[in-house]
Amino acid sequence: MWQAYRSKKYLLRIIGSVTLLMVAVLAGSSLLLQYNAERSAIRMQQEVSRKAMKQIQINLSYMSGVMNNLAVSLYMDPNIVPLLNLRDPDEMLVIRSMNSLKQAYLSSSFLHSILVYNGYDDRTYTVGELSLNKPDAPMSGEIALLVKNKQKLPRMKLIPMNFSGADQPVDFFSLVMYQNFTDTGTSKESALVVNIKPEWLYENLRSFNDFAIPEQSGVYLLDEAGKLLLSGNPELLPSQGELIRALGGHTPGDAEAFGTLSGRFGGSTRLLVNYLNMQGTNWKVVSVQPYEIILQPIRELRGTFLSVIIAVLLLAVVLATLVAHKLYKPIGRLIGQLGMQPGGKAAAGKATGQNMEKGKEKGKEKDKEKDKDKDELSAVASLFSTLAQQLQSVSDEQGKQRHIITSYYLRTLLSGGKALSAKEFEDNIRQNGLQISRSGPYRVVLIQVDGYSGFSSRTSHDERSLYYFAIRNIAEEILRPGRYLCELADMRSSHLALLISRAEGSNRETEDEEALHEQCRNIQQVVSSYYQLSLTLTASEPCGSHEQIPDRYAAAVQYSMYKLVYGRQSIITKGRVDGNLRQQEYSFPAELEKRLGESIRTGHLPAMEQAIGHMLAPLGHCHYDAIVHSLLNITGIIKTSVKEINHNRVVPLNVELSTLSRQVLEQETLQETSELFGRVCRDIHDQLDQPGSGKNAALMDAIKEIIEMNYKEPNLSLQGIAAMLHMTPAYVGRMFKQSEEVSVSEYLNDIRLQHAQTYLETKNISIKQIMELVGYVNESTFFKLFKKAFGVTPKEYRLKRSLE
């Protein structure tokens with residue numbers, strides 16, 4: 001019987017599910033009853049703790065009131081007043097006063113000691129445990145130091161004191177009464193200190209702990225900072241840091257400031273913590289009890305619940321078996337129709353084995369091990385999933401092969417590597433499913449990524465493939481829904497080639513030209529918006545047959561070179577470059593070349609920039625070869641002029657011109673080339689302008705004036721100052737350093753800090769406002785620089801000035 005059931009795993013699951021459902025209902029009901037009982041026990045324990053803690057608070061308030069009255073009466077006692085106010089009091093007067101102090105000390109068993117500090121003579125008078133012949137006598141000096149401190153101790157409040165360094169957290173509690181009711185700002189002030197033994201509070205905590213469960217409970221008194229003052233059971237004290245963080249983030253649950261929380265607090269046992277915020281002292285009474293001890297009587301009921309569950313389980317198995325047999329009959333028929341054994345193994349193993357990949361015996365063994373744990377329906381699903389994965393793998397492989405063949409065909413068609421007949425052309429379109437019209441007309445549009453050298457350096461091959469895939473999808477989505485059919489090919493160079501043909505029923509050629517340009521602009525805008533890539537598109541003229549496509553591609557490649565003239569993110573067509581193609585020869589006027597050379601040799605920057613501008617202006621109408629030749633001619637003039645200058649100078653110009661020709665050829669537009677020439681000319685001018693002249697002195701004055709006028713601007717920097725002066729930052733920084741022996745940034749910080757110093761002395765505004773007024777946005781930077789300059793922080797500086 002067991003073997004029969006063991007092979008029918010899905011039947012066993014039905015039986016198990018029905019059984020577990022019945023048991024779960026009973027177990028859930030039992031757990032709900034137990035949960036409610038545990039909550040009632042916790043609430044009862046919380047109420048007991050609240051009442052006991054309230055009594056401790058009452059006792060503490062009573063004791064504090066009694067000691068306050070005693071302190072006031074001593075302070076007003078005529079016999080004690082001389083100890084507080086007189087300088088060098090008479091010896092007999094001191095004896096009488098000390099007798100009064102001793103009588104007050106002996107009147108209460110709670111007192112640890114009484115200390116009187118005379119601020120005029122810097123002398124202390126003590127009775128009790130602080131007397132000279134007592135072990136605690138050295139503590140009187142510690143108390144006197146606290147009293148003399150300008151930061152006064154709280155008046156008429158219990159203050160825990162621990163000077164002995166013993167294991168117990170508190171030596172005694174002190175009540176301080178000063179001579180003045182307000183801070184005098186001086187340390188020469190008399191005070192009366194009444195010290196109270198902590199034993200009475202220990203007894204309160206011990207009584208509370210005895211009222212609970214002494215061996216398993218702990219009661220503690222914490223100050224406002226979370227420091228342990230008194231402990232009723234030190235062994236149960238949890239991790240103090242964890243407990244303090246938990247109490248700090250918890251809000252009391254009632255108006256009496258009583259709260260409760262639970263957790264492990266760094267230990268292994270879950271604890272119930274009840275606490276009360278004591279009024280008037282900001283102390284906390286904290287009760288700690290293990291959850292297990294509180295809930296032990298309730299959890300003893302688990303044995304009864306378990307017995308009932310086991311009895312019901314046996315009955316549930318019998319009933320579930322009868323129900324499961326009826327539910328399993330349709331599944332058994334399905335397994336039989338699929339030719340599978342009840343355990344999930346295929347009877348027709350040959351058919352399944354033929355679908356598996358050969359040569360993967362290890363994978364098969366693992367699959368067999370997994371199949372042992374599967375039921376009948378899981379085995380059917382696994383078989384279906386394996387077949388679906390194999391089908392998808394075959395489909396993906398076919399798609400990759402088709403893409404490779406399609407890309408190769410498009411590149412061959414565009415580059416003219418193989419002349420195709422009309423029949424071969426149509427067959428390739430049909431076999432590869434290409435979106436190309438069989439009858440034309442055709443256009444080739446080149447897509448170039450602007451700044452390709454930087455784009456290729458910051459992206460990997462796979463990342464570029466993803467970008468090209470995105471551009472292909474965007475181009476197809478924009479063009480195909482309209483009047484065009486298109487296919488895009490990666491030409492394995494710096495551009496993509498888009499082969500466009502008009503769909504059936506499109507309009508006339510002129511309308512087609514305008515619509516095509518509009519679609520090209522849409523492609524540029526969408527790619528720029530989503531991927532921050534700037535594209536330049538070059539469109540060829542249309543052709544009527546597929547044999548002319550390679551010629552149109554070659555023409556588009558030639559047109560694309562004129563991005564040098566029309567700039568990035570432009571649309572280049574034959575109509576735009578016709579004028580350039582006609583003007584194949586061009587040479588600069590000799591006068592312009594001479595003027596450029598002379599201006600370089602004299603270091604006259606405006607003349608250099610003007611000459612280069614006049615030379616570059618006509619190039620926009622020239623053939624590409626003439627443009628390149630002219631740009632290299634300008635480069636040669638600059639190199640020759642610099643060489644002549646260095647020949648006549650003791651110290652040659654440090655201008656890097658060895659790679660200038662390569663840099664010129666790498667620029668994509670004439671505007672970028674003009675900026676490159678401008679940087680070279682400014683560098684030459686800056687080096688020819690020697691420091692030490694009157695012009696240099698004027699420059700230093702101008703820099704200082706700019707800093708003085710704009711130091712409030714957070715973004716003021718060497719680069720901004722150089723831009724205002726139309727000079728390079730390197731030159732401005734070098735000249736200022738040579739003249740003033742400090743950098744521009746150091747001088748700027750000095751000016752800002754001087755103004756900050758003035759504001760601190762004269763303005764009644766916040767330090768943050770002063771920081772913003774002098775141009776700083778980072779508070780840590782401002783504090784660091786100010787302290788480095790003046791030796792103190794801004795707050796300390798203002799306080800020091802106010803006290804002077």
Do the non-hydrogen side-chain atoms of D88 and R123 ever get within less than 4.5 Å of each other? yes
Under a 3.5 Å threshold, yes or no: a donor from one side chain and an acceptor from the other, between Y711 and D750? no
Examine distances only and state if a side-chain atom of S29 and a backbone atom of V25 form a donor-acceptor pair shorter than 3.5 Å. yes
To the nearest 0.5 angstrom, please state how far the OG atom of S100 sits from the CG atom of D77. 5.0 Å
Tell me, do E189 and K152 make a side-chain contact under 4.5 Å, heavy atoms counted? yes
Applying side chain to side chain donor-acceptor pair (under 3.5 Å) to T781 and not counting sequence neighbours gives N778
Does some side-chain heavy atom of Y797 sit less than 4.5 Å from a side-chain heavy atom of E761? yes
Return yes if some donor-acceptor pair links the side-chain N/O of S108 with the main-chain N/O of A104 below 3.5 Å, else return no. no
Quick one: closest heavy-atom pair of M771 and E779, and the distance? SD-CA, 3.4 Å
Passing candidate, side chain to side chain contact (heavy atoms under 4.5 Å, CB included) with M67, options I196, N195, V72: I196
List the steps, then state whether side-chain contact (heavy atoms from CB on, under 4.5 Å) holds for Y120 with L86. CA-CA 7 Å; Y120 301 100; L86 295 182; over 6 Å; no
Flag yes if more than 12 heavy atoms outside L132 fall under 6.0 Å of its CG atom; otherwise flag no. no
Look at the side chain of S262 and the backbone N and O of L271, then say whether any donor-acceptor pair between them is shorter than 3.5 Å. no
Could you tell me whether a side-chain N or O of R752 sits under 3.5 Å from a main-chain N or O of V774, the two making a donor and an acceptor? yes
Closest heavy-atom contact between P198 and D171? CD-O, 3.4 Å
Over 60° means perpendicular and under 30° means parallel, so classify the ring planes of Y747 and F736, tilted if in between. perpendicular
Here the gap from N118 atom CG to T124 atom OG1, rounded to the nearest 0.5 Å, amounts to 10.0 Å
